[in-house]
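Working notes for the structure below.
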Amino acid sequence: QVQLVESGGGLVQVGGSLRLSCAASGLTFSMYGMGWFRQAPGKEREFVAAISRSGGNTYYVDSMKERITISRDNAKNTVYLQMNSLKPEDTAVYYCAAVFLAFVQAVGITPNEYRYWGQGTQVTVSS
C-alpha cells in the first residue's frame, strides 16, 4: 500500500520559515519524481515545486522560486520543501505527490501527471 505522509506544517509569522517533509512508503522511491502542490480555500490546486528521480533537476513556481528549495533523500524515502520569507498568500494546504517517470531527470508540473498523493499539511502564515 502506497502512503505519502506530510509533516512540518503549522502557524508562522510573516517572514518566517518552515520545512515540510513527506515520507513515502510502499513504492520504489527512486523511480518516482516528487512534487509539492498547494491549495487555498476557494482556489485551484497549484504547482509549487518538483524534483527529478535523481534529484539532479528541480523546478519551482515563479512566485516562490527565490524563497523555496525542494530536496530529496532517497535513502530515507523522503522529500522536503524548505520555505523561507513566508507571506500570507502562502497560506494553504500543502500536498506531496509522486509521479512515475522513465527519464531520471524529468519533472512533472501538472497535477494530473501525479499518481499518488498525501493527505496534506496546513501552512498558515499570520499577518
Side-chain angles (χ1 to χ4, degrees):
Q1 184 120 23
V2 174
Q3 274 197 316
L4 304 178
V5 181
E6 301 96 335
S7 61
L11 176 64
V12 296
Q13 293 184 17
V14 170
S17 297
L18 283 175
R19 189 195 192 206
L20 307 183
S21 298
C22 173
S25 60
L27 78 171
T28 304
F29 187 68
S30 62
M31 294 183 67
Y32 288 81
M34 301 298 296
W36 288 95
F37 295 79
R38 67 183 182 183
Q39 189 164 21
K43 302 257 185 173
E44 295 281 338
R45 185 169 44 183
E46 178 188 26
F47 169 78
V48 174
I51 188 165
S52 62
R53 289 169 54 189
S54 67
N57 282 344
T58 58
Y59 194 78
Y60 302 101
V61 63
D62 194 63
S63 62
M64 300 184 75
K65 63 181 181 181
E66 295 88 2
R67 303 185 288 119
I68 60 174
T69 302
I70 187 171
S71 60
R72 67 189 294 161
D73 187 339
N74 285 356
K76 295 181 178 179
N77 287 4
T78 302
V79 63
Y80 306 94
L81 183 68
Q82 178 68 45
M83 302 191 292
N84 303 316
S85 302
L86 286 163
K87 306 173 180 180
E89 53 263 44
D90 296 321
T91 295
V93 177
Y94 284 71
Y95 296 93
C96 172
V99 54
F100 184 84
L101 294 169
F103 184 45
V104 295
Q105 291 292 85
V107 294
I109 62 171
T110 59
N112 60 297
E113 293 179 83
Y114 284 80
R115 184 174 182 179
Y116 301 112
W117 293 83
Q119 297 299 303
T121 185
Q122 177 71 48
V123 171
T124 303
V125 185
S126 173
S127 60

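In this chain, residues are counted from 1 in sequence order. Because the structure is predicted, anything quoted here is derived from the model rather than measured.
- Across D73 and Y80, no two heavy atoms sit closer than the pair CB-CE1, 4.2 Å.
- Residues A50 and V107 approach most closely at CB-CB, 4.0 Å, considering heavy atoms.
- When every heavy atom of P88 is checked against every heavy atom of S127, the shortest pair comes out as CG-CB, 4.0 Å.
- L11 is listed as a side-chain neighbour of S126, based on a closest heavy-atom distance under 4.5 Å.
- A donor-acceptor contact shorter than 3.5 Å links the side chain of R67 to the backbone of S85.
- When each of L27, V99, V2 is paired with Y32, the side-chain contact (heavy atoms from CB on, under 4.5 Å) condition holds for L27 and for no other.
- A donor-acceptor pair is defined here as one N or O able to donate and one able to accept, closer than 3.5 Å; no such pair exists between the side chain of Q82 and the backbone of R19.
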Per-pair distances, 0.1 Å, donor-acceptor, side chain in residues 36-43, under 3.5 Å, sequence neighbours excluded:
{"unit_1": "R38", "atom_1": "NE", "unit_2": "E46", "atom_2": "OE1", "d": "2.8"}
{"unit_1": "R38", "atom_1": "NH1", "unit_2": "D90", "atom_2": "OD1", "d": "2.9"}
{"unit_1": "R38", "atom_1": "NH1", "unit_2": "Y94", "atom_2": "OH", "d": "3.0"}
{"unit_1": "R38", "atom_1": "NH2", "unit_2": "E46", "atom_2": "OE1", "d": "3.2"}
{"unit_1": "Q39", "atom_1": "NE2", "unit_2": "K43", "atom_2": "O", "d": "3.1"}

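- Between the side chain of Y60 and the backbone N or O of I70, at least one donor-acceptor pair lies under 3.5 Å.
- The two residues A24 and L4 come nearest to each other via the heavy atoms CB-CD2, 3.4 Å.
- When atom types are taken as modelled, the side chain of N77 and the backbone of F29 share no donor-acceptor pair closer than 3.5 angstrom.
- Nearest heavy-atom pair across N74 and R53 is ND2-O, 3.4 Å.
- Residue L81 comes nearest to V48 through the heavy atom pair CD2-CG1, 4.1 Å, listed as atom of the first residue, atom of the second, then distance.
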